[in-house]
Each structure stands twice: as structure tokens, then as C-alpha cells.
Amino acid sequence: MKKYNVILSGGIGSRLWPLSRKQHPKQFLKLFSGKALFELTAERNQKLVDEIMVVGNTDHIEWSKQLLQDICLPKTFITETAARNTAAAIAFAALAVDPDDILIITPSDHLIQNQDDYEQAIKQAVELGKKDFLVTFGVVPSRPETGYGYIEYEGKDVLSFREKPNTETAQEFLERGTFLWNSGMFCFKAGIFLEELKRYQPEILEKCMETWQISENYCLDTKSSLQIPSISIDYAVMERSKKIKVVPAYFRWNDLGSFESLYDYLRSAGHPVDDNGNMVIGTDIFTAFVGLKDSILVHTPDAILILQKERSQDVKKIYNQLEKYKSTLR
């Protein structure tokens, strides 16, 4: 039985545009003491696993290889030539290893602090995974966050999964104390995941197996991949399986999915803000904010974004417009 850290690296990070771009997404931006989130993910897990496996799209694999050069572990890179969401991505990882091998699934764009607490949570999850459970990690919430999904729990039992709530509902979840943030991290045996995928989404498994059989050198066949239904692991398996357990995690966690979360991190790390909480990212040019509070100016060589921190989820709309018109800025 081997343990693998499966790093999912297919996302674009559209809510961090213009810093994050299609060809250079947020997980590869060296914003964190000269390192990228992708690097930090691998470093965080290298002492806990036997091998690292990256599942990423064609644009990302070369970035991944470069950033993992200093990690002294065996590495496997599975190239997705057509994005088909997380259920398929994880299925390919499971098909690449032995059924009893343990997969620790981690997105490549999370910021996690408190390594000791993190390692403790991983060890708990691995023990549950060895007992044939599918384990999800639920982060103990520190605020009424509307940008995350939630897990209702009791002990290590999952009672329900909840979609991203409005502010009032998020506050209620926080006060009740029986809800965790859904981190998007998982741990299980490869074979058990494939069994549950076959039970609840047999077409996904069938199409993934067909694609895997005709693919070469861990590069997935494009035509066959496009036949795979695009569904997240949450919808495909985790919200339906009877084998789910949750590990409540006490480490500091942030998926840095928006400028609001990036703002909070940078401010805690000493990045300057003015007297009204305004922040400049990406330039040393003198910038003054007049009549604005808790705003962010983001500067890149070809784009400038100005936003109120609380509206950071709306940045994705700009990216979607650029994508619609195939703009070179996306």
C-alpha cells in the first residue's frame, strides 16, 4: 500500500484576473514569499506520502514539472487534454495506481498554515481510508463565509452537504457550531473510490476506463475524453455515498479563490494598506484613493482592475466576458 498526494491543477483562477490568466493561473503565481501555491502544496505533503501525482491540463503540466524539480519523490504527471471536472480527474489518478493505494487529493491553490495540525488531520484521514471510508476534510469555520460550501457533521459522520449560503445562512451555520467549510480535499483507497463511482456514476467510470486504455504516456486521448460527463466529485460521489466520513480540521485554510481572501492574506503578511483599508497589488507606482474604503487596485502590464473588496466574487464576470470574445487578456 502506497500513499500518493494527487495534486489537482486544472483551474484557471478566474476570480483573480488579471493576476491569474489562462496560461499562468493563480496556483503558479509566486506571491507567497517567492513561492507559488503549487510549490507549497507539494512541500506540505512530501513527508506524508510516497509519491506525488499531478493531474493537470496541457497548459499546466510543464509549469508543474518545473516547480517540482526540487521535490525528491517519484512523480507522475497525467495530462488532461480536455477538462472534464474533478470526478474524472480523480478517476484517472485512481486508475493509475493499485486498488489498495491511498490517494490524498489536494487542490493546487490552497494556502494552509499550521503544519502540525495539518499532518494530524491527514493521519486521521489515512486511518479512516484504510478502513474503506471516503474521507473529506472539513475546516472549522472562523467567519460566516459565503464563498465556500459547508458540511453539516456530528463527530466524523456527515449529515449533509450544503451549497454556498447567503450571509444570513452562513451566520446561522457559524452559530450552530455543527458546520464545517468544505475544503475540496479528500482521502481514500483508489479501488474504493472507483467502486463508488461505478455505483453512482457508472458512465463516468466506463468512459474514463475507455480513455485510459487508449491513452499513451499518461497523456489522455482528447476525442475519448470529450465523451466523459463533466461532473464534480462532490455531485458524483461524495454527496451520495454511504461510506463518507469527515475529519474536522483545525489548521488555517484558505483557497485564495478571490481578491478578498488574497487581500486578507497579504494584509496579515504585512502588505501595506492606507488609512481606509485600500490596497495596491502589482505596482510601486504612487497610488491614491479618494473617497474609497476597503478597495483594491490590481495592476499588470496590460490590465488594471479596481474593485471593492466585498465584490471580489464578481471579478469572474469580467473573465467570462473576455472568454466569450476570446480576448488575449484572458
Output yes when a side-chain donor or acceptor of [X] lies under 3.5 Å from a complementary backbone atom of [Y], and no otherwise.
X      : Y      : result
Ser108 : Leu8   : yes
Asn114 : Asp117 : no
Arg162 : Glu152 : no
Thr86  : Ile233 : yes
Asn5   : Ile52  : no
His24  : Phe28  : yes
His110 : Asn254 : no
Asn278 : Asp294 : yes
Asn45  : Thr41  : yes
Ser215 : Gln213 : no

Would you say [atom1] of [X] has more than 12 non-hydrogen atoms from neighbouring residues, nucleotides or ligands within 6.0 angstrom?
X      : atom1 : answer
Arg240 : CZ    : yes
Lys35  : NZ    : no
Tyr200 : OH    : yes
Glu51  : CD    : yes
Met1   : CE    : yes
Lys2   : NZ    : yes
Arg252 : CZ    : no
Lys243 : NZ    : yes

Pairing of [X] and [Y] as salt bridge, 4.0 angstrom limit:
X      : Y      : value
Arg44  : Glu119 : no
Glu172 : Arg176 : yes
Lys189 : Asp98  : no
Lys198 : Glu195 : no
Lys26  : Asp109 : yes
Lys30  : Glu39  : yes
Asp314 : Lys317 : yes

- Message: Between Asp157 and Lys245, does the salt bridge (charged side-chain N to carboxylate O under 4.0 Å, His left out) criterion hold? Intermediate values first, please.
- Response: CA-CA 5 Å; Asp157 294 329; Lys245 294 292 182 181; 2.5 Å; yes
- Hey, mind stepping through Ser295 and Leu307 against side chain to side chain contact (heavy atoms under 4.5 Å, CB included) and telling me if it holds? CA-CA 6 Å; Ser295 296; Leu307 71 150; over 6 Å; no
- Would a 4.5 Å heavy-atom cut-off, applied to side chains only, mark Val126 and Lys3 as touching?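 With C-beta onward as the side chain, the pair touches.
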- Would Phe92 and Thr211 satisfy side chain to side chain contact (heavy atoms under 4.5 Å, CB included), going step by step from the backbone distance to the final call? CA-CA 9 Å; Phe92 287 123; Thr211 300; 4.0 Å; yes
Do [Y] and [X] have ring centroids that are under 6.0 Å from one another?
X      : Y      : answer
His271 : Tyr263 : no
Trp17  : Phe259 : no
Phe32  : Tyr265 : yes

- Test log, rule side chain to side chain contact (heavy atoms under 4.5 Å, CB included), inputs Ile7 and Val55: CA-CA 6 Å; Ile7 304 177; Val55 184; over 6 Å; no
Do you see a donor-acceptor pair shorter than 3.5 Å between the side chains of [X] and [Y]?
X      : Y      : answer
Gln171 : Glu175 : yes
Asp264 : Ser261 : no
Glu196 : Ser241 : yes

Would [X] and [Y] show up in the same hydrophobic cluster when neighbours are defined by side-chain heavy atoms closer than 4.5 Å?
X      : Y      : answer
Val315 : Tyr148 : no
Ile71  : Ile104 : yes
Leu29  : Ile318 : yes
Ile61  : Leu68  : yes
Tyr150 : Tyr235 : no

- Message: Would Trp181 and Ser142 count as a side chain to side chain contact (heavy atoms under 4.5 Å, CB included) here? Give the steps.
- Response: CA-CA 9 Å; Trp181 288 336; Ser142 58; 3.5 Å; yes
- Message: Can you tell me which residue among Lys123, Lys130, Lys131 is in a salt bridge (charged side-chain N to carboxylate O under 4.0 Å, His left out) with Glu127?
- Response: Lys130
- Atom CZ in Arg84, atom CG in Asn57: separation rounded to 0.5 Å? 13.0 Å
- Query: When you look at Glu145 and Lys164, which way does the salt bridge (charged side-chain N to carboxylate O under 4.0 Å, His left out) test go after all the steps?
  - Reply: CA-CA 8 Å; Glu145 175 62 53; Lys164 297 175 183 178; over 6 Å; no
